[in-house]
Amino acid sequence: MNTSAKLRRHKRVTKKVKGSELKPRLVVFRSRKHIYTQLVNDDAQKVIIGCSTLSKDFKAKNMKSTNKEAAKEIGKFISQKALKLGIKTVCFDRGGGKYHGRIKSLADGAREGGLKF
């Protein structure tokens, strides 16, 4: 029952949020151990940049990958990479997950890093 509710939410969110070259879509995927983010240009169907708790930048910090602090750091990393490419505004795609916990912490970290939703 939980997975079907997540799929319904994912379809509902994704049909409303579209990314472009000027305003890409910030996609979040959360697993039990890790959290992954990507900036996607839906017009060209390409991933611009990506970041996760498996990346070298995050592993150098020696943090646990399953908590809110880790998600906040990933949000800061993705915003730093986006600002280097000149991207300041994004569309947030929570990927069917509820907007609380690690997903909310990632969004807060991205906002602190300088991205605007």
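We use all heavy atoms of the structure for the numbers below, so side chains are in, but hydrogens, waters and symmetry mates are not.
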- Message: Y36 vs L54, test: side-chain contact (heavy atoms from CB on, under 4.5 Å). Steps then yes/no.
- Response: CA-CA 8 Å; Y36 307 85; L54 295 171; 3.7 Å; yes

- Which is it for D108 and K76 under the side-chain contact (heavy atoms from CB on, under 4.5 Å) test, yes or no, and what are the steps along the way? CA-CA 9 Å; D108 292 341; K76 289 178 184 176; over 6 Å; no

- Item | Intermediate values then yes/no, side-chain contact (heavy atoms from CB on, under 4.5 Å), R9 and R12 | CA-CA 5 Å; R9 278 194 308 268; R12 184 174 62 235; 3.2 Å; yes

- Message: Using side-chain contact (heavy atoms from CB on, under 4.5 Å), reason through L85 and I49 one step at a time and then give a plain yes or no.
- Response: CA-CA 9 Å; L85 294 175; I49 53 173; 3.6 Å; yes

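To the nearest 0.5 Å, atom CD of residue E21 and atom CD1 of residue I87 are 8.5 Å apart. To the nearest 0.5 Å, atoms NZ (K18) and CG (N41) are separated by 12.0 Å. To the nearest 0.5 Å, atom CG of residue D57 and atom NZ of residue K59 are 12.0 Å apart. Summarising the geometry, atom CZ belonging to F29 is positioned 12.5 Å from atom OG1 belonging to T37; distances are rounded to the nearest 0.5 Å. Taking CD1 from I74 and OG from S52, the interatomic distance works out to 6.0 Å, rounded to the nearest 0.5 Å. Here the straight-line distance linking atom OG1 of T53 with atom CZ of R102 works out to 8.0 Å at 0.5 Å rounding.
Contact between I78 and G50 at its shortest, heavy atoms only, is CD1-C, 4.1 Å. Between L83 and G113, the closest heavy-atom pair is CD1-O, 3.2 Å. The shortest non-hydrogen separation linking K68 to G101 is CE-CA, 4.0 Å. Closest of all the heavy-atom pairs between S79 and A110 is CB-O, 3.6 Å. Considering every non-hydrogen atom in both A70 and K64, the closest pair reads CB-O, 3.2 Å.
D93 places no side-chain N or O within 3.5 Å of a backbone atom of V27 that could act as its donor or acceptor partner. Judged purely by atom type and a 3.5 angstrom limit, K33 has no side-chain atom pairing as donor or acceptor with the backbone of S65.
Hydrophobic clustering (side-chain heavy atoms under 4.5 Å, transitive across Ile, Leu, Val, Met, Phe, Trp, Tyr) groups L106 together with M63. Both F77 and I35 sit in one connected hydrophobic cluster of ILVMFWY residues. Membership requires side-chain heavy atoms under 4.5 Å apart, directly or through other members. Using a 4.5 Å cut-off between side-chain heavy atoms of Ile, Leu, Val, Met, Phe, Trp and Tyr, with links allowed through other members, V28 and F117 fall into the same hydrophobic cluster. Cluster membership check: L115 shares its hydrophobic cluster with I103, using side-chain heavy-atom separations under 4.5 Å among Ile, Leu, Val, Met, Phe, Trp and Tyr. With hydrophobic clusters built from ILVMFWY side chains whose heavy atoms lie under 4.5 angstrom apart, L26 does not share a cluster with V17.
Within 6.0 Å of atom CD in E112, more than 12 heavy atoms from other residues, nucleotides or ligands are found, so the atom counts as buried in its surroundings. Within 6.0 Å of CZ on R30 lie no more than 12 heavy atoms contributed by other residues, nucleotides or ligands.
At a threshold of 4.5 Å between non-hydrogen side-chain atoms, the residues E73 and K61 count as touching. Side-chain contact between V40 and P24 is absent, with no heavy atoms from C-beta onward closer than 4.5 Å.
At least one cation-pi condition fails for R25 and F92: the charged atom is not both under 6.0 angstrom from the six-membered ring centre and inside a 45 degree cone around its axis.
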